[in-house]
Enquirer: 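My questions will all concern the structure given below.
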Amino acid sequence: GDSVTQMEGPVTLSEEAFLTINCTYTATGYPSLFWYVQYPGEGLQLLLKATKADDKGSNKGFEATYRKETTSFHLEKGSVQVSDSAVYFCALSLSGNTPLVFGKGTRLSVIA
Amino acid sequence: KAGVTQTPRYLIKTRGQQVTLSCSPISGHRSVSWYQQTPGQGLQFLFEYFSETQRNKGNFPGRFSGRQFSNSRSEMNVSTLELGDSALYLCASSLAGMGDYGYTFGSGTRLTVV
């Protein structure tokens, strides 16, 4: 079935460090890809999305590029801040009325 | 505009009891989906309602049920609670369903079964 694999956490970085969180997927069709972020005690917030190959989603300094050839959607940020500390989820959805499939999540801690 | 509202935020129930959780979607959104989040299993899809009809269902036992009203508000019910039902239950609304749009999530209801 369709699945999403994320790098295991937790990830601990110093402020202003470069961030990469790996995400790869397996899907029977051509999915839309998403990154969601969950801050402590809150629900999930959509961070960015890409709907077709080579699309780049970006928001709040985060970026991810839909790579069909490597079935990947890695999340990157050039300079993380303490406020970026959260759990990040990669997800996919096939077109039509199918549910989101989530990865296990990666906890990021940024220290000053 | 108002976001997705879930009530209550916290709930403590005893094993064997039943519980009802509520979700009010963003105005105009017709699709409401429910997810269970646990440390061990991560985010698992429960079901999705669209225009008062269940359109998709995840792999959960029949103790988990839901419904959607004509104003798109949704409820989920869990009967005969088990300790393993302790989780954060997240509701998400979408304009017309999944696909390209993504979801807007509520803050969740944290259910503790003792």
Enquirer: Taking Gly106(B), Ser107(B), Gly108(B) one by one, which has the highest count of heavy-atom pairs under 4.5 Å against chain A?
Expert: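 Ranked by contacts with chain A, first place is Ser107(B).
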
Enquirer: Count I, L, V, M, F, W, Y as connected when their side-chain heavy atoms are under 4.5 Å apart, and connections chain through other members. Are Leu44(A) and Leu47(A) then in the same cluster?
Expert: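 Leu44(A) and Leu47(A): separate clusters.
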
Enquirer: Within a 6.0 Å radius of atom CD on Glu16(A), are there more than 12 heavy atoms belonging to other residues, nucleotides or ligands?
Expert: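 Count not over threshold, so no.
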
Enquirer: Can you tell which part of Gln6(B) gets under 4.5 Å to a heavy atom of chain A, answering side chain, backbone, both or neither?
Expert: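 Neither; nothing under 4.5 Å.
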
Enquirer: With a sphere of 6.0 Å drawn around CD of Gln54(B), does it hold more than 12 non-hydrogen atoms of other residues, nucleotides or ligands?
Expert: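 Counting other residues, nucleotides and ligands, CD of Gln54(B) exceeds 12 neighbours.
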
Enquirer: Report which part of Arg9(B) has an atom under 4.5 Å of a heavy atom belonging to chain A: side chain, backbone, both, or neither.
Expert: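 Just the side chain, heavy atoms under 4.5 Å.
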
Enquirer: If you count heavy atoms of other groups shown closer than 6.0 angstrom to CZ of Arg110(B), is the number above 12?
Expert: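 Counting other residues, nucleotides and ligands, CZ of Arg110(B) stays at 12 neighbours or fewer.
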
Enquirer: Would you say Leu100(A) and Leu43(B) make side-chain contact, with heavy atoms under 4.5 Å?
Expert: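 Not in contact.
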
Enquirer: Verify the cluster assignment for Phe34(A) and Tyr88(A): are they in a single hydrophobic cluster under the rule of side-chain heavy atoms below 4.5 Å apart?
Expert: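 As far as the 4.5 Å side-chain criterion goes, Tyr88(A) and Phe34(A) are not connected within one cluster.
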
Enquirer: Tell me, side chain or backbone of Gln45(A) under 4.5 Å from chain B's heavy atoms, or both, or neither?
Expert: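 Neither part.
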
Enquirer: Does Phe45(B) form a ring pair (Phe, Tyr, Trp, His ring centres under 6.0 Å) with Phe102(A)? I'd like the steps, not just the answer.
Expert: CA-CA 9 Å; Phe45(B) 173 73; Phe102(A) 287 91; 10.0 Å; no

Enquirer: As an exercise, state the distance from CD of Glu42(A) to CZ of Phe105(B), rounded to the nearest 0.5 Å.
Expert: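 Output value for this atom pair is 13.5 Å.
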
Enquirer: For Asn71(B), does the CG atom sit with more than 12 other heavy atoms under 6.0 Å from it, leaving out its own atoms?
Expert: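 More than 12 heavy atoms, drawn from other residues, nucleotides or ligands, come within 6.0 Å of this atom.
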
Enquirer: How long is the straight-line distance from CD of Gln41(B) back to NZ of Lys104(A), given to the nearest 0.5 Å?
Expert: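 So the NZ of Lys104(A) and the CD of Gln41(B) are separated by 5.0 Å.
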
Enquirer: Could you state whether Leu111(B) and Tyr10(B) fall into the same hydrophobic cluster, counting links through intermediate Ile, Leu, Val, Met, Phe, Trp or Tyr residues with side-chain heavy atoms under 4.5 angstrom apart?
Expert: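 Hydrophobic grouping puts Leu111(B) apart from Tyr10(B).
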
Enquirer: Quick one, Leu88(B) and Gln38(A) - any side-chain contact, counting heavy atoms below 4.5 Å?
Expert: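 Yes; the side chains approach each other to less than 4.5 Å.
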
Enquirer: Could you pull out the closest heavy-atom pair between Pro99(A) and Tyr103(B), with the gap in Å?
Expert: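 In terms of heavy atoms, the two residues are closest at CA-OH, 4.0 Å.
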
